[in-house]
Amino acid sequence: MALADTERAASGCRDSGSPFSEIIELNVGGQVYVTRHKTLIAVPDSLLWNMFSKKSPKELARDSKGRFFLDRDGFLFRYILDYLRDLNLVLPDYFPEKSRLQREADFFLLRDLAKRLSPRVSKDNSISEEISQSDTEDGAQCCSSGEPLRALSVSGAMRSPSLDSRKSGYITIGYRGSYTIGRDIQTDAKFRRVARITVCGKTSLAKEVFGDTLNESRDPDRPPERYTSRYYLKYNFLEQAFDKLTEAGFHMVACSSTGTCAYTSNDPNEDKIWTSYTEYVFCRE
């Protein structure tokens with residue numbers, strides 16, 4: 001049905017000179033996006049421009065619901081789409097995926113965006129024509145005399161995330177686990193750790209400690225001064241998380257755990273299932 005609707009919408013727009021409908025649905029790595037056709041072809045000679053201006057709908061891959069499919073990072077594509085809308089993009093503070101976004105820009109042949117994302121050009125997380133021009137002007141002013149150069153260096157140091165990263169604060173690590181014990185308590189316990197370690201605390205501290213290993217998909221664009229309890233890690237080893245925290249100067253100050261148990265049936269020989277939730281509180285003073 002969805003495929004038929006898509007084909008019907010596309011056929012309705014052939015009079016305008018394009019075989020594509022005005023509104024296009026995309027499936028990018030499992031994330032669904034809806035945008036206008038003119039947005040996708042905003043940058044000439046880009047990958048999306050070639051797909052949606054040089055090819056016909058029948059030549060492009062689709063998912064089971066008729067959406068055009070792209071096997072790329074669905075989370076980062078939101079920034080690609082934002083850039084295509086007005087060729088201007090502002091990233092959230094402490095954005096840890098800049099290098100990966102640059103790789104996506106290279107893949108989609110968005111050369112200007114990739115250039116702005118390169119480390120030698122980007123001095124902070126804001127990406128726009130105006131900011132790029134102001135950076136150039138600041139560089140010219142600081143070279144005209146020694147005094148402004150020192151003032152700029154102090155100002156840059158005050159904004160440096162490396163100094164902000166030493167701020168004190170708390171981070172809580174949590175995970176859920178379950179295990180079974182036979183009723184005779186003689187059999188070995190069967191333990192299973194849920195493959196998701198949650199991170200609670202101030203956004204800027206969490207991003208500083210865990211960097212690219214932090215999954216922000218459940219709470220994207222959270223300001224750095226706000227708190228969150230919806231982040232989780234991309235790995236499932238508690239020891240790896242503890243190592244990251246220790247390297248950043250944190251130490252454990254508290255730990256708590258709660259658990260419940262139940263029998264899966266009335267069979268007296270059935271194993272007892274325990275489910276627990278454990279939290280580890282880390283502090284940096």
Side-chain angles (χ1 to χ4, degrees), residues 75-76 91-101 119 123-126 153-182 185 187-262 271-285:
F75 172 73
L76 292 177
L91 297 177
D93 292 333
Y94 296 93
F95 184 69
E97 307 280 1
K98 187 177 292 186
S99 60
R100 295 182 59 195
L101 181 56
K123 295 182 180 180
D124 52 29
N125 290 331
S126 297
S153 299
V154 172
S155 176
M158 292 175 63
R159 297 193 306 268
S160 174
S162 63
L163 293 183
D164 293 340
S165 67
R166 305 311 301 176
K167 291 182 178 179
S168 61
Y170 291 84
I171 290 180
T172 300
I173 301 296
Y175 80 95
R176 298 182 186 277
S178 64
Y179 58 93
T180 59
I181 300 179
I185 316 181
T187 58
D188 293 335
K190 301 175 182 178
F191 181 77
R192 179 179 66 86
R193 180 179 298 172
V194 175
R196 176 169 291 185
I197 301 174
T198 60
V199 178
C200 309
K202 199 170 186 177
T203 301
S204 58
L205 286 178
K207 292 182 178 181
E208 173 217 329
V209 173
F210 298 106
D212 292 342
T213 64
L214 190 69
N215 192 317
E216 308 168 42
S217 60
R218 296 176 61 198
D219 196 9
D221 301 339
R222 171 72 65 169
E225 70 278 2
R226 301 291 297 275
Y227 290 80
T228 182
S229 60
R230 298 177 60 83
Y231 288 166
Y232 61 94
L233 300 179
K234 298 178 181 178
Y235 48 81
N236 58 354
F237 296 102
L238 278 173
E239 295 77 11
Q240 190 172 352
F242 293 168
D243 287 342
K244 289 276 189 181
L245 287 159
T246 302
E247 292 171 0
F250 284 82
H251 62 278
M252 189 184 301
V253 294
C255 174
S256 66
S257 182
T258 59
T260 58
C261 67
D271 290 344
K272 183 185 296 185
I273 299 178
W274 286 83
T275 302
S276 65
Y277 177 72
T278 306
E279 288 185 335
Y280 303 90
V281 182
F282 287 79
C283 173
R284 183 171 66 189
E285 298 176 349

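Here, residue 1 is the first one in the sequence, and each next residue gets the next number.
Remark: Arg100 engages Asp73, Leu76, Glu97, Arg103, Lys234 in a side-chain contact (heavy atoms from CB on, under 4.5 Å) (not counting sequence neighbours). For Thr172, the side-chain contact (heavy atoms from CB on, under 4.5 Å) partners are Cys200, Glu279, Val281, not counting sequence neighbours. Legend: residues meeting side-chain contact (heavy atoms from CB on, under 4.5 Å) with Thr228, ordered by chain and number and at least two apart, are Thr203, Asp219, Arg222, Arg230, Tyr231.
With values rounded to the nearest 0.5 angstrom, Ser204 atom OG is found 6.5 Å from Lys167 atom NZ. Here CZ of Arg176 is found 11.0 Å from OG of Ser257. Values are rounded to the nearest 0.5 Å.
Under a cut-off of 6.0 angstrom, the local environment of OH in Tyr277 is crowded, with over 12 non-hydrogen atoms contributed by other residues, nucleotides or ligands.
Contact check for Phe210 versus Tyr235: side-chain heavy atoms found under the 4.5 Å cut-off. A heavy-atom distance below 4.5 Å is found between the side chains of Val253 and Tyr170. Side-chain contact between Ile173 and Leu245 is present, with at least one heavy-atom pair separated by less than 4.5 Å. Contact check for Phe242 versus Phe282: side-chain heavy atoms found under the 4.5 Å cut-off.
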Could you walk me through whether Thr246 and His251 satisfy the side chain to side chain contact (heavy atoms under 4.5 Å, CB included) test, starting with their C-alpha distance in whole Å, then the side-chain angles of each, then the deciding distance to 0.1 Å, before giving a yes or no? CA-CA 6 Å; Thr246 302; His251 62 278; over 6 Å; no
Side chain to side chain contact (heavy atoms under 4.5 Å, CB included) between Glu216 and Lys207: does it pass, once the steps are laid out? CA-CA 9 Å; Glu216 308 168 42; Lys207 292 182 178 181; 3.1 Å; yes
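For the side chain to side chain contact (heavy atoms under 4.5 Å, CB included) with Tyr175, the qualifying choice from Thr198, Asn236, Thr278 is Thr278, the only one to do so.
In terms of heavy-atom proximity, Val209 sits nearest to Ala248 at CG2-CB, 3.8 Å. The heavy-atom pair separating Ala241 from Leu233 by the smallest distance is CB-CD1, 3.7 Å. Leu238 and Tyr280 get closest at one heavy-atom pair: CD1-CE1, 4.1 Å. In this structure, Ser217 and Tyr232 approach most closely via the heavy-atom pair OG-OH, 3.8 Å. Of all heavy-atom pairs between Tyr227 and Lys202, the closest is CD2-N, 3.3 Å. Here the shortest heavy-atom pairing between Leu205 and Gly169 reads CD1-CA, 3.7 Å.
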